[in-house]
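I have placed the structure first, in the form of structure tokens, so that the comments after it can refer back to it.
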Amino acid sequence: MVKITDEDNRKDIEEIKLFIEYSVAENERRIALEALEKYKENRVALHVLRDFYARLPEFREEAVCRVTQIISRHDVFLLGVATGTYEYLYFYHDEIPVYLGEKKDGIGNDEVLSFFGYASDEDFINKVDARDNRQIDAATPPSAFCPACAVAEGEYHHLGCPVEVCPWCDAQLTYCNCRFEKLHVDEIADEGDLDRLEVLLDEKGRIPFSGHHAPAYPSGGEDSDD
């Protein structure tokens, strides 16, 4: 998540406060203002909050209590917005938030699903629900999480993440040739190959995400023993 100064944020903050005053139920306003204070230095979160309170999805007068980064790729974010009762999704790119709907319904856009590596809305919902408690709060320092697959420091990457380090040669797993050599194939052709690769990685010992792996991905290393 990108941070800017209070001076740059002031206009957004004042607009959001005005939206909160006129669009959020009175008993929810304290929660809304506390969240705004929490995210006051975060440009992405502020843009999302401004859009949320301007549109009030489903005309619900609820306060946002949390903004999370579900996944990001190349400075494009899939974000979660949680109120006390509902959860919503936003696509964010080039300082423009795009409301996608309620999280329980999935992303609902094939291009967005494909961009973030999800096969379908069902695939997205299953994967997000499985790691829901590990979503990145927008106020969290970004170095604590993988910039590509959003796992926390010390956790294993999602298979295929470009930040993951190869346990055989210490290079970038998605760019070295170890996965082909260990599988005895020229290319990974199907889910069966991926399943076998995951077993081999687990047997060798996958390398969990560490903050020093990002943003500069590892470029190579000496071969290690099997």
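Quick note: residue numbers are just sequence positions, from 1.
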Side-chain contact test, heavy atoms from C-beta onward, threshold under 4.5 Å: evaluate it for [X] versus [Y] and give yes or no.
| X | Y | answer |
| --- | --- | --- |
| E87 | V81 | no |
| V76 | D94 | no |
| L173 | V165 | no |
| L100 | D105 | no |

*Hey, are Y39 and R66 close enough side-chain-wise for a donor-acceptor pair under 3.5 Å?*
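Short answer, no.
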*asked:* Looking only at side-chain N and O atoms, does E164 offer a donor or acceptor that is under 3.5 Å from a partner on T174?
replied: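 No.
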*Evaluation steps, side-chain contact (heavy atoms from CB on, under 4.5 Å), between V67 and N42*: CA-CA 11 Å; V67 179; N42 189 291; over 6 Å; no
Test your reading of the model: is there a side-chain donor-acceptor pair from [X] to the backbone of [Y], 3.5 Å cut-off?
| X | Y | value |
| --- | --- | --- |
| D12 | L46 | no |
| R179 | C176 | yes |
| R206 | P167 | no |
| N177 | F180 | no |
| D123 | Y118 | no |
| T68 | I70 | no |
| D51 | H47 | no |
| E102 | Y88 | no |

*Are Y53 and F19 close enough that their ring centres sit under 6.0 Å apart?*
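Judged by ring-centre distance (under 6.0 Å), Y53 and F19 do not meet the cut-off.
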*Check whether the ring centres of F209 and Y156 lie less than 6.0 Å apart, and answer yes or no.*
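No, the ring of F209 stays outside the 6.0 Å limit from the ring of Y156, centre to centre.
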Determine the minimum heavy-atom distance between [X] and [Y], stating which atoms define it.
| X | Y | answer |
| --- | --- | --- |
| Y90 | V48 | CD1-CG1, 3.8 Å |
| F52 | E62 | CE2-O, 3.9 Å |
| L200 | L183 | CD1-CD2, 3.8 Å |
| I125 | K103 | CG1-O, 4.1 Å |
| D121 | I107 | OD1-N, 2.6 Å |

Rounded distance (nearest 0.5 Å) linking atom [atom1] of [X] with atom [atom2] of [Y]:
| X | Y | atom1 | atom2 | answer |
| --- | --- | --- | --- | --- |
| E198 | E203 | CD | CD | 11.5 Å |
| T83 | R60 | OG1 | CZ | 7.5 Å |
| C166 | Q172 | SG | CD | 11.0 Å |
| R196 | H184 | CZ | NE2 | 8.5 Å |
| K204 | K182 | NZ | NZ | 7.0 Å |
| F115 | D110 | CZ | CG | 15.0 Å |

Count I, L, V, M, F, W, Y as connected when their side-chain heavy atoms are under 4.5 Å apart, and connections chain through other members. Are [X] and [Y] then in the same cluster?
| X | Y | value |
| --- | --- | --- |
| L89 | I96 | yes |
| V24 | I31 | no |
| Y22 | I16 | no |
| L18 | I13 | no |

*Kindly assign one of parallel, tilted or perpendicular to the pair F116 and F91, based on the angle between their ring planes and the thresholds 30° and 60°.*
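F116 vs F91 ring planes: perpendicular.
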_Using the rule given for salt bridge (charged side-chain N to carboxylate O under 4.0 Å, His left out), can you reason through E34 versus K38, listing the C-alpha separation, both sets of side-chain angles and the distance that settles it, and then say yes or no?_
CA-CA 6 Å; E34 286 176 352; K38 179 180 181 181; over 6 Å; no
*asked:* Take a 6.0 Å sphere around CG of D190 and say whether it holds more than 12 heavy atoms from other residues, nucleotides or ligands.
replied: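 Yes, because the 6.0 Å sphere around CG of D190 holds more than 12 heavy atoms from other groups.
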*asked:* Would F77 and H93 count as a side-chain contact (heavy atoms from CB on, under 4.5 Å) here? Give the steps.
replied: CA-CA 7 Å; F77 302 99; H93 177 53; over 6 Å; no
